[in-house]
Amino acid sequence: MVRVTGSSMEPTLREGDLLLARAGARPRAGRIAVVRLPPDSDGMPRPLSVKRVTGRDPADPARWWVERDSPREGVDSWLVGSLAARDILGTVLWRLWPRPGPLPKVPAA
């Protein structure tokens, strides 16, 4: 289980949402995943994040591109580059609380 903090995935996910994720599940474009982002500019580790997998990096198909759903908040591949497959820790299967149900495969409008 994963609890959402922050607003980078709004409007799809909101602060406090509780998600069920499958560790080690293969990423797929359009799906939401739990990822490990690279350290910040000071070398400090970032917390695990929930991001949308948008596809493989065209320059390196072994890597994945992840994005936030919010155009104003958060960190994603536009800022830190693509992620190695080992940094995609699992995929989100379901929102458990407060609005139980599957998540959209495209960003919510």
Side-chain angles (χ1 to χ4, degrees):
M1 286 192 276
V2 177
R3 175 126 4 231
V4 175
T5 59
S7 56
S8 72
M9 289 302 291
E10 286 184 2
T12 307
L13 299 172
R14 300 192 190 293
E15 174 104 23
D17 282 2
L18 185 62
L19 310 174
L20 178 64
R22 182 174 179 200
R26 200 180 93 190
R28 287 197 226 156
R31 299 289 173 112
I32 295 174
V34 178
V35 304
R36 182 178 23 248
L37 295 171
D40 67 18
S41 59
D42 294 324
M44 298 299 296
R46 298 178 200 268
L48 295 181
S49 298
V50 175
K51 302 294 175 198
R52 186 172 302 280
V53 176
T54 56
R56 293 200 181 263
D57 182 339
D60 183 353
R63 298 178 65 84
W64 292 92
W65 196 262
V66 298
E67 295 184 13
R68 56 200 170 168
D69 281 3
S70 170
R72 293 174 295 282
E73 299 289 330
V75 176
D76 61 11
S77 288
W78 289 104
L79 298 171
V80 300
S82 59
L83 303 180
R86 69 179 174 274
D87 292 322
I88 310 291
L89 305 178
T91 57
V92 174
L93 304 173
W94 200 264
R95 180 185 5 242
L96 299 172
W97 185 87
R99 302 168 309 280
L103 297 174
K105 293 180 183 144
V106 295

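Residues take their numbers from the sequence shown, with the count starting at 1. We use all heavy atoms of the structure for the numbers below, so side chains are in, but hydrogens, waters and symmetry mates are not.
Neither V50 nor L96 shares a network with the other; the hydrophobic side chains, linked directly or stepwise wherever heavy atoms of I, L, V, M, F, W or Y lie under 4.5 Å apart, form separate groups for each. V75 and L48 are not part of a single hydrophobic cluster, where members link through side-chain heavy atoms under 4.5 Å apart. Placement of W65 and L79 in two distinct hydrophobic clusters is found when ILVMFWY residues are connected by side-chain heavy-atom separations under 4.5 Å, directly or transitively. Hydrophobic clustering (side-chain heavy atoms under 4.5 Å, transitive across Ile, Leu, Val, Met, Phe, Trp, Tyr) keeps L37 apart from V34. No path of Ile, Leu, Val, Met, Phe, Trp and Tyr side chains, each step under 4.5 Å between heavy atoms, connects M1 with V4, placing them in separate hydrophobic clusters.
Scanning both residues, S77 and W64, for their nearest heavy atoms gives OG-O, 4.1 Å. Between S70 and S7, the shortest heavy-atom distance links the atoms CB-O, 3.5 Å. The two atoms that bring M9 and R68 nearest to each other are SD-CA, 3.8 Å, heavy atoms only.
Atom CZ of R63 is separated from atom CG of D87 by 7.5 Å, given to the nearest 0.5 angstrom. In this structure, T54 OG1 and E67 CD are separated by 4.0 Å, a value rounded to the nearest 0.5 Å.
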Test side chain to side chain contact (heavy atoms under 4.5 Å, CB included) applied to S82 and R56, step by step
CA-CA 8 Å; S82 59; R56 293 200 181 263; over 6 Å; no
Please lay out, stage by stage, how V80 and R46 fare under the test side chain to side chain contact (heavy atoms under 4.5 Å, CB included).
CA-CA 12 Å; V80 300; R46 298 178 200 268; 3.7 Å; yes
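Between V2 and V92 there is no side-chain heavy-atom pair separated by less than 4.5 Å. Residues V66 and I88 meet the side-chain proximity criterion, which asks for heavy atoms closer than 4.5 Å. L13 is listed as a side-chain neighbour of L103, based on a closest heavy-atom distance under 4.5 Å. Taking 4.5 Å as the limit, every side-chain heavy atom of D76 sits out of range of all side-chain heavy atoms of S8.
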Identify every side-chain donor-acceptor pair in residues 15-28 under 3.5 Å, counting partners at least two apart or on other chains, and give the distances.
unit_1 : atom_1 : unit_2 : atom_2 : d
E15    : OE1    : G6     : N      : 2.8
D17    : OD2    : R14    : N      : 3.0
D17    : OD2    : R95    : NH1    : 3.0
D17    : OD2    : R99    : NH2    : 3.2

